[in-house]
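Comments concern the structure below.
For the single chain, residues carry numbers from 1 onward in sequence order.
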Amino acid sequence: QVQLVESGGGLVQAGGSLRLSCAASGSISKINAMGWYRQTPGKQRELVATFTSGGGTYYADSVKGRFTISRDNAKKTVILQMNSLKPEDTAVYYCNADIVLSMSYNAMNYWGKGTLVTVSS
């Protein structure tokens, strides 16, 4: 059983900063990719930033230069530092990871429950 637990959401004024954290727990052999998506009502979930399976990083154009993704492999944690926040960044942010379980060979995809980020103008 794998859990992704997010923390760090909240209310912030435009121009402010928030730091989201996602910790993976369970019988994990390897994390291939791990990152953040976001979703607003009536819209599809969109990729915000992620560490790819190749070890690189990806950022959506809308957050480049403002958001930074980092990780602590030992703690199986990914951090999203969000600066210069805009009202359009308001969304539920979800952690997502491709994880290989112990005693397994194939990766499975997992989602956290989400954390709400609200940016007021």
Side-chain angles (χ1 to χ4, degrees):
Q1 189 77 0
V2 169
Q3 280 193 315
L4 299 179
V5 179
E6 302 110 332
S7 61
L11 173 64
V12 65
Q13 286 189 330
S17 298
L18 280 175
R19 184 173 179 266
L20 304 183
S21 178
C22 173
S25 63
S27 299
I28 296 170
S29 174
K30 183 183 177 185
I31 299 176
N32 287 342
M34 193 168 180
W36 294 90
Y37 286 70
R38 67 186 181 188
Q39 188 171 26
T40 54
K43 292 190 176 181
Q44 281 193 324
R45 200 168 290 189
E46 65 170 350
L47 178 60
V48 177
T50 190
F51 284 100
T52 67
S53 58
T57 55
Y58 167 87
Y59 293 92
D61 287 342
S62 58
V63 307
K64 282 181 182 176
R66 300 188 298 121
F67 291 10
T68 302
I69 191 168
S70 61
R71 62 186 171 185
D72 184 332
N73 290 332
K75 295 181 178 179
K76 299 182 180 67
T77 297
V78 165
I79 305 293
L80 186 67
Q81 178 66 43
M82 304 186 295
N83 299 328
S84 302
L85 282 161
K86 304 175 180 179
E88 51 264 42
D89 294 318
T90 296
V92 177
Y93 284 70
Y94 296 91
C95 184
N96 177 265
D98 287 335
I99 293 174
V100 179
L101 299 179
S102 301
M103 307 299 288
S104 176
Y105 295 101
N106 299 317
M108 294 181 65
N109 191 254
Y110 295 88
W111 290 95
K113 292 183 178 180
T115 184
L116 177 62
V117 171
T118 303
V119 184
S120 63
S121 57

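The side-chain heavy atoms of R38 and L80, taken from C-beta on, include no pair separated by under 4.5 Å.
For residues 74-87, there are no salt bridge (charged side-chain N to carboxylate O under 4.0 Å, His left out) pairs, not counting sequence neighbours. For residues 25-68, the set of pairs meeting the disulfide bond (SG atoms under 2.5 Å apart) definition, not counting sequence neighbours, is empty. Every pair passing disulfide bond (SG atoms under 2.5 Å apart) that includes a residue from residues 4-65 is listed here, sequence neighbours excluded: C22-C95.
Listed here is the closest heavy atom pair of Y93 and V48: CE2-CG2, 4.2 Å. Scanning both residues, I69 and M34, for their nearest heavy atoms gives CD1-O, 4.0 Å. Among all heavy-atom pairs drawn from A14 and S121, the shortest one is CB-CA, 4.4 Å. Scanning all heavy atoms of the two residues, the minimum distance from A24 to I99 falls at CB-CD1, 4.4 Å. Closest heavy-atom contact between I31 and A97: CG2-CB, 4.5 Å.
With sequence neighbours excluded, no residue forms a side chain to side chain donor-acceptor pair (under 3.5 Å) with Q3. For N83, the side chain to side chain donor-acceptor pair (under 3.5 Å) test picks out S17, Q81, with sequence neighbours left out. Not counting sequence neighbours, the partners of R66 by the side chain to side chain donor-acceptor pair (under 3.5 Å) test are D89. Residues forming a side chain to side chain contact (heavy atoms under 4.5 Å, CB included) with T40 (at least two apart in sequence, or on another chain): K43, A91. Residues meeting the side chain to side chain contact (heavy atoms under 4.5 Å, CB included) test with K64, sequence neighbours left out: Y59, D61. Every side chain to side chain contact (heavy atoms under 4.5 Å, CB included) that S53 has, sequence neighbours left out, goes to N32. Residues satisfying the side chain to side chain contact (heavy atoms under 4.5 Å, CB included) test with S70, not counting sequence neighbours, are I79. Contacts of E88 classified as side chain to side chain donor-acceptor pair (under 3.5 Å), with partners at least two apart in sequence or in another chain: none.
For the atom pair CH2 of W36 and CG of L20, the computed distance is 4.5 Å after rounding to the nearest 0.5 Å. The CE atom of M82 sits 11.0 Å away from the CZ atom of R19 when rounded to the nearest 0.5 Å. Distance check, rounded to the nearest 0.5 Å: OG1 of T50 to CG of D98 gives 8.0 Å. Residue L85 holds its CG atom at 10.0 Å from OG of S120, rounded to the nearest 0.5 Å. Distance OG/S29 to CG/L101: 8.5 Å, rounded to 0.5 Å. With values rounded to the nearest 0.5 angstrom, E6 atom CD is found 10.0 Å from N96 atom CG.
With side-chain heavy atoms closer than 4.5 Å counting as contact, directly or through intermediates, the hydrophobic cluster containing L47 also holds Y37, Y58, V92, Y94, W111, L116.
Taking hydrophobic clusters as Ile, Leu, Val, Met, Phe, Trp and Tyr residues chained together by side-chain heavy-atom distances below 4.5 Å, F51 does not share a cluster with V100. Residue V5 is not grouped with residue V2 when hydrophobic side chains (ILVMFWY) are merged at heavy-atom distances under 4.5 angstrom, including chains of intermediate members.
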